[in-house]
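What follows is a short report on a single structure.
In this text, all values refer to a predicted model and were calculated from it rather than measured experimentally. Read the numbers this way: they start at 1 and go in the same order the structure lists the ligands and their atoms. The analysis underlying the following values was restricted to heavy atoms, covering all of them including side chains, and did not include hydrogens, waters or symmetry mates.
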Amino acid sequence: MTTELRTLKVIELTKIFPHPAKEETNYPLFAGSSFELTSKKLNFVVGVSGSGKTTLIRIIASLEPINAGEILLDDIIVHRLKKAEKIKYLQKLGLMNQFPSKNLYLNLTVRQNLDYALSLYTSITKEERENRIEEISSVVDITGILDRKTVLLSGGELRRVGLASSIIHKPKLLLCDEPTSQLDKENKERVMKAIQKLNKSHKTLILIVTHDHSIIGKNPMYRIEERRIKKCQ
Ligand SMILES: Nc1ncnc2c1ncn2[C@@H]1O[C@H](COP(=O)(O)OP(=O)(O)OP(=O)(O)O)[C@@H](O)[C@H]1O
Ligand SMILES: [Mg+2]
């Protein structure tokens, strides 16, 4: 997979979750919002808790169906992918979960987790896998904890391992859900530096949803407000 993914177009998107009480009205998320992201810079979406940030990521990752609109990633029609195409699509994606422990096996070491994550995507040799683990570990600064059991990691270490496991297969599209949540300044900088590097050196298309305004800088920013996604800068 050498070709980059350049443009993500979200067109007139609406998502409606069934209300748990049947007699209640369902309010649509995103209410027909449209926007376009490119790989030129990092892209940010902010919004209060419950506004739909994680849902948006799951929709773009083809993991959540939509009620109206279109999700187009270059020539991939994401919302209409069939099972076999979806597997290929998921192999191009990196998904950094809001709760990193959900994507990791806590009883395995960091190295074993990364080796497993890599084996899901590529059939490369053991030696190549070892090299890739060393390479990614130095990018996110976890070389010193590779042989530690994942359950013993600190919050910042766990988040960096979560990032490593979502980028180890060199995804073309990286979706990060609150990547700096609960991190101190130093760890935030480490995580953001690794994400920036991926964007600059591999031209990865990146979407970050967050509460954390300190990491946005001069990158394009969208806000989910009154259920719509609006461009802010
Ligand atoms: N599977 C589901 N079924 C029903 N409602 C859901 C489902 N998933 C999410 N929701 C609801 O959709 C809304 C958006 O949820 P989402 O998790 O996307 O918010 P968020 O912006 O990521 O919040 P946070 O900042 O707290 O992580 C919430 O009201 C949530 O309860
Ligand atoms: Mg969320």
Suppose the cut-off is 2.8 Å; which protein N/O/S atoms would you list for the Mg ion (ligand 2)? T54 OG1, Q98 OE1

Nearest non-hydrogen protein atom to atom 25 (O) of ligand 1, with distance, is K53 NZ, 2.7 Å

Does the pair D141/K193 count as a salt bridge with the N-to-O cut at 4.0 Å? no

4.0 Å heavy-atom contact, V48 with ligand 1: yes

Does the protein put a heavy atom under 4.0 Å from atom 31 (O) of ligand 1? no

Would you check if the side chain of N219 reaches a backbone N or O of I216 as a donor-acceptor pair within less than 3.5 Å? yes

Going by distance only, is there an N or O of P18 that falls short of 3.5 Å from an N or O of ligand 1? no

Tell me whether H211 reaches ligand 1 (any heavy atom closer than 4.0 angstrom to a ligand atom). yes

Closest by any non-hydrogen atom to atom 22 (O) of ligand 1: pick that one out of T54, T210, I57. T54

Are any of the side-chain nitrogens in E189 or K185 under 4.0 Å away from the carboxylate oxygens of its partner? yes

Is the closest side-chain donor-acceptor distance between N113 and S165 under 3.5 Å? no

Below 4.0 Å from ligand 1: does a non-hydrogen atom of G50 turn up there or not? yes

Any non-hydrogen protein atom less than 4.0 Å away from atom 14 (C) of ligand 1: yes

Does anything in residues 132-172 form a ring-ring contact (aromatic ring centres under 6.0 Å, His included)? List the pairs, not counting sequence neighbours. Y121-H169

side-chain contact (heavy atoms from CB on, under 4.5 Å) partners for L120, two or more places apart: Y116

Closest to atom 26 (O) of ligand 1 among protein heavy atoms sits S49 OG, 2.6 Å

Begin with the C-alpha distance, continue with both residues' side-chain angles, and end with the deciding distance and a verdict on side chain to side chain contact (heavy atoms under 4.5 Å, CB included) for N43 and L8. CA-CA 11 Å; N43 301 283; L8 173 71; over 6 Å; no

L205 and I208: same hydrophobic cluster, using ILVMFWY side-chain contacts below 4.5 Å? no

So between Q98, R227, E64, whose heavy atom ends up nearest atom 27 (O) of ligand 1? Q98

Are L153 and I133 connected, step by step, through hydrophobic side chains (Ile, Leu, Val, Met, Phe, Trp, Tyr) whose heavy atoms are closer than 4.5 Å? yes

side-chain hydrogen bond (donor to acceptor under 3.5 Å, both in side chains) against D184, all qualifying residues, sequence neighbours excluded: N187

Group every Ile, Leu, Val, Met, Phe, Trp and Tyr by side-chain heavy-atom contacts under 4.5 Å, then state whether I11 and I224 land in the same group. no

Electrostatic pair D147-R111, nearest N-O below 4.0 angstrom: yes

shortest atom 8 (N) of ligand 1-to-protein heavy-atom contact is with F17 CZ, 3.4 Å

With atoms numbered from 1 as shown, which atoms in ligand 1 lie under 4.0 angstrom from a non-hydrogen atom of T55? 14 (C), 15 (O), 16 (P), 18 (O)

